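This report concerns only the one structure given below.
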Protein chains: 2
Amino acid sequence: MNPHQSSAVTIRDVAQAAGVHVSTVSRALNPDKRGLISTEVLRAVEEAAQRLGYRPNRAASALRTGRTQTIGVLLPDITNPVFPPILQGIEASAAARGYFVFVANVADHVLAQPIVERMLAQRVDGLVMAIATRDDPLVDFISKAGMHAVLVNRADESGRLPAVVSDDRLAMKLAVDHLVATGHRRIGHLAGPQSVPTGVARRQGVEQALRDRGLEMACVAECEGYTREAGAAAMRKLLDENERPDAVVCCNDLVALGAYDVLRERRIEVPRDISITGHNDMPLVDMVNPPLTTIRLPHRELGWRAAEMLFDEIDGKALSASTVVLRPELVVRESTRRP
Amino acid sequence: MNPHQSSAVTIRDVAQAAGVHVSTVSRALNPDKRGLISTEVLRAVEEAAQRLGYRPNRAASALRTGRTQTIGVLLPDITNPVFPPILQGIEASAAARGYFVFVANVADHVLAQPIVERMLAQRVDGLVMAIATRDDPLVDFISKAGMHAVLVNRADESGRLPAVVSDDRLAMKLAVDHLVATGHRRIGHLAGPQSVPTGVARRQGVEQALRDRGLEMACVAECEGYTREAGAAAMRKLLDENERPDAVVCCNDLVALGAYDVLRERRIEVPRDISITGHNDMPLVDMVNPPLTTIRLPHRELGWRAAEMLFDEIDGKALSASTVVLRPELVVRESTRRP
DNA sequence: GTGAAAGCGCTAACAT
DNA sequence: ATGTTAGCGCTTTCAC
């Protein structure tokens, strides 16, 4: 916006037009202090502000109050379909409170700290982070800087930052229970990288759920990443090194789709010969062949809740639980055999 | 961020530590004015700033200069897969220039103007908008306010705002030419809503491309929206009211997927009995059955270019073309019969 | 090359 | 209930 031509109208102009002092205008326009102003003056100020097209300069008020009414959101990859709904939830919560959201795509984790520093300079009131690896020095930096921050879709194992996550173990239990209930007994797992918390948690979830049913893991292979290619490679390995299982619980939808690729290539039919489950319920997995049975996460709510927690912290009522765990949900489609 | 505990270090502190005046510090830390400072002083200032962990307060500099180093991005729906790459492009361009990006999800178009007003109050330096309907009063509002703005994925028919778009007619021509080259003659179209510019342009594109090849449109049906359901409904209508075409050019991938649904239901096999093309190359359309032949748009570049144009405007070098049209690309998969 | 001083627009004591 | 005043942290003339 060109500062020279637009909205040169300041609180001064309004005060003059309304025939009152600037501080009166400031009060009249502040919802929290409107009560202190007489009805006539209030009306006069509002009329003048309206007429002149006054728009308070947030930069000035930010300078004065130290609060910018903005928060920052750090995402590893906006194009990964899990993040848009999370962002949407955050944005909705922020918008409802009159906050704006800075979005930064942290393509490479080494850029995270510089970005956080710039956000600090920008005086954001807080941060929602979907990045943070385990034992992240960034968490350190943030607490040292005294910034308000909440993690989303990532837990802070050191417990210094509040977080909102989905229940990975429960997710896998839902998948396993569904498979067992539909008659599967030899159940395998395509595990996520064991270097990341979700990879470990989901694998443990599968093992535990199996044990609860008196079963053992039939076979397992670890993916190098949460991608279709990694899923295909792991599936190949799984099939080559083990007797074929009845069903495979995949750590993620993309991995499941990679498994589909290999099964199609080998003419093993889903779900007739083998059942497959995913995790995330990403868009269009209901369109693949066969439509994928998967776990739906409350992504939007994850974002919403994280933002709400952040605002509570900012407002000083930081009483809330430090980690909120949301419930995932099983979505049964056609990649799992019916009983 | 809590203003009380963090980064209480100001330019004053640095000045004192370095034994110089604040204005000297300001100059030393401003890349454009660093030249005016002697090497020793420069070094002393930098050392002091570093040591104290000084971080310039952008709110203060924004107040003083009228520039915030932020831009706003207005999106109709972040969860629509075309927008994340656009946003990514915008964000990358902004980050490269040290700008931050406010993202606002404009769920309902009546909210657009209030949001723009808040962005104005926030003193964003400019706006990238992926919203704007035809003859949008918002465009009016923005030009009146003297804001810098660029449209993306939407053209401003009144020509008051620069825009970056993809070539819809060319997109359809690529699809039609491919179909003709692979032996199709009776070619139909599932058109987008004729109330939106892209719906009209794509339909005209199909018609023109056909005419260029000496063919006529075999049949056409209009979708009520760019959704799978609308695509299915339109496909049903198309089949019910016309002799079956060899191929159908769809206005959009989701519509094409809706067409798939109907064809599967009627046991019409793709591409043996009929060929189908989409538009957008959204994620996973390579995973559906059969993988969809479609048009890939340079979404990320759309965003990048829009942001670059905006920055040019902000910097006063608004010489660039007022509308940039980017080339889409044909992606041949298995939903179109080979010759 | 550096310092002095004013002021961006707003808010919040404090005074009345 | 309203006015007075000071100042948030920075940039930018204007002096020297």
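By convention in this document, chain letters (A, B, ...) are assigned in the order of the sequence lines, proteins followed by strands, and residues within each chain are numbered from 1. Please read all numbers here as calculations on a predicted model, not as lab measurements.
No side-chain donor from either of B:E46 and B:Q50 sits under 3.5 Å from a side-chain acceptor of the other. Side-chain atoms of B:R27 and B:S23 form a donor-acceptor pair, as typed in the model, at a separation below 3.5 Å. At a cut-off of 3.5 Å, with distance as the only test, no side-chain donor of A:Y99 or B:R118 sits close to an acceptor on the other residue. For the residue pair B:H109/B:D136, the side-chain donor-acceptor check at 3.5 Å is satisfied.
For D:dT11, one of the phosphate oxygens OP1 or OP2 lies less than 4.0 angstrom from a side-chain nitrogen or oxygen of B:S26. Under 4.0 angstrom from either OP1 or OP2 of C:dA12 there lies at least one side-chain N or O belonging to A:K33.
Listed nucleotides: C:dT11, D:dT5, D:dT12. Nearest to the side chain of A:H21: D:dT5. Of the candidate nucleotides C:dC10, C:dT2, C:dA4, C:dT2 has the atom nearest to the side chain of B:L36. Relative to the side chain of B:A60, the nucleotides D:dC10, C:dA12, D:dT11 differ in distance, and D:dC10 lies closest. In this structure, the nucleotide among C:dG9, D:dG9, C:dT2 sitting nearest to the side chain of B:T10 is D:dG9. When distances run from any side-chain atom of B:S61 to the nucleotides C:dG3, D:dG9, D:dT11, the shortest one goes to D:dT11. Distances from the side chain of A:P56 to the nucleotides C:dC10, D:dC10, C:dA12 place C:dC10 closest.
For B:R51 and B:E47, the salt-bridge test passes: some basic side-chain N is under 4.0 Å from an acidic carboxylate O.
Nucleotide D:dC8 holds its P atom 19 Å from the CZ atom of A:R67, rounded to whole Å. Distance CZ (A:R34) to P (D:dT2): 14 Å, rounded to an integer number of Å. Distance, A:R123 CZ to D:dG9 C1': 9 Å, rounded to whole Å. In this structure, B:R43 atom CZ and C:dT2 atom P are separated by 13 Å, rounded to whole Å. Atoms CG (B:N30) and C1' (D:dT13) sit 15 Å apart, rounded to a whole Å. In this structure, the CD atom of A:Q16 is 13 Å from the P atom of D:dG3, given to the nearest Å. Spacing between atom CZ of A:R12 and atom C1' of C:dC8 amounts to 10 Å, rounded to whole angstrom units. A straight line from CG of A:N57 to P of D:dC10 spans 17 Å, rounded to a whole angstrom.
Note on ring orientation: taking the six-membered ring where Trp is involved, the planes of A:F102 and B:F100 are tilted (angle from 30° to 60°).
Within the nucleic acid shown, A:R58 has no heavy atom closer than 4.0 Å to any nucleic acid atom. Contacts of A:I37 with the nucleic acid, taken as non-hydrogen atoms under 4.0 Å apart, involve only primed sugar atoms and P, OP1 or OP2. Residue contacts shown for B:S38 are limited to sugar-phosphate atoms, with no base heavy atom under 4.0 Å away. Nucleic acid contact for A:T24: sugar-phosphate only, since backbone atoms but no base atoms lie under 4.0 Å from a heavy atom of the residue.
With hydrogens and angles ignored, a donor-acceptor pair under 3.5 angstrom links the side chain of A:R27 to the base of D:dG3.
Both B:L63 and B:G19 lie close to DNA chain C; mapped to their nearest nucleotides by heavy-atom distance, the more 5′-ward contact belongs to B:G19. Ranked by how close their nearest DNA chain C nucleotide is to the 5' end, B:S23 and B:R64 are led by B:S23.
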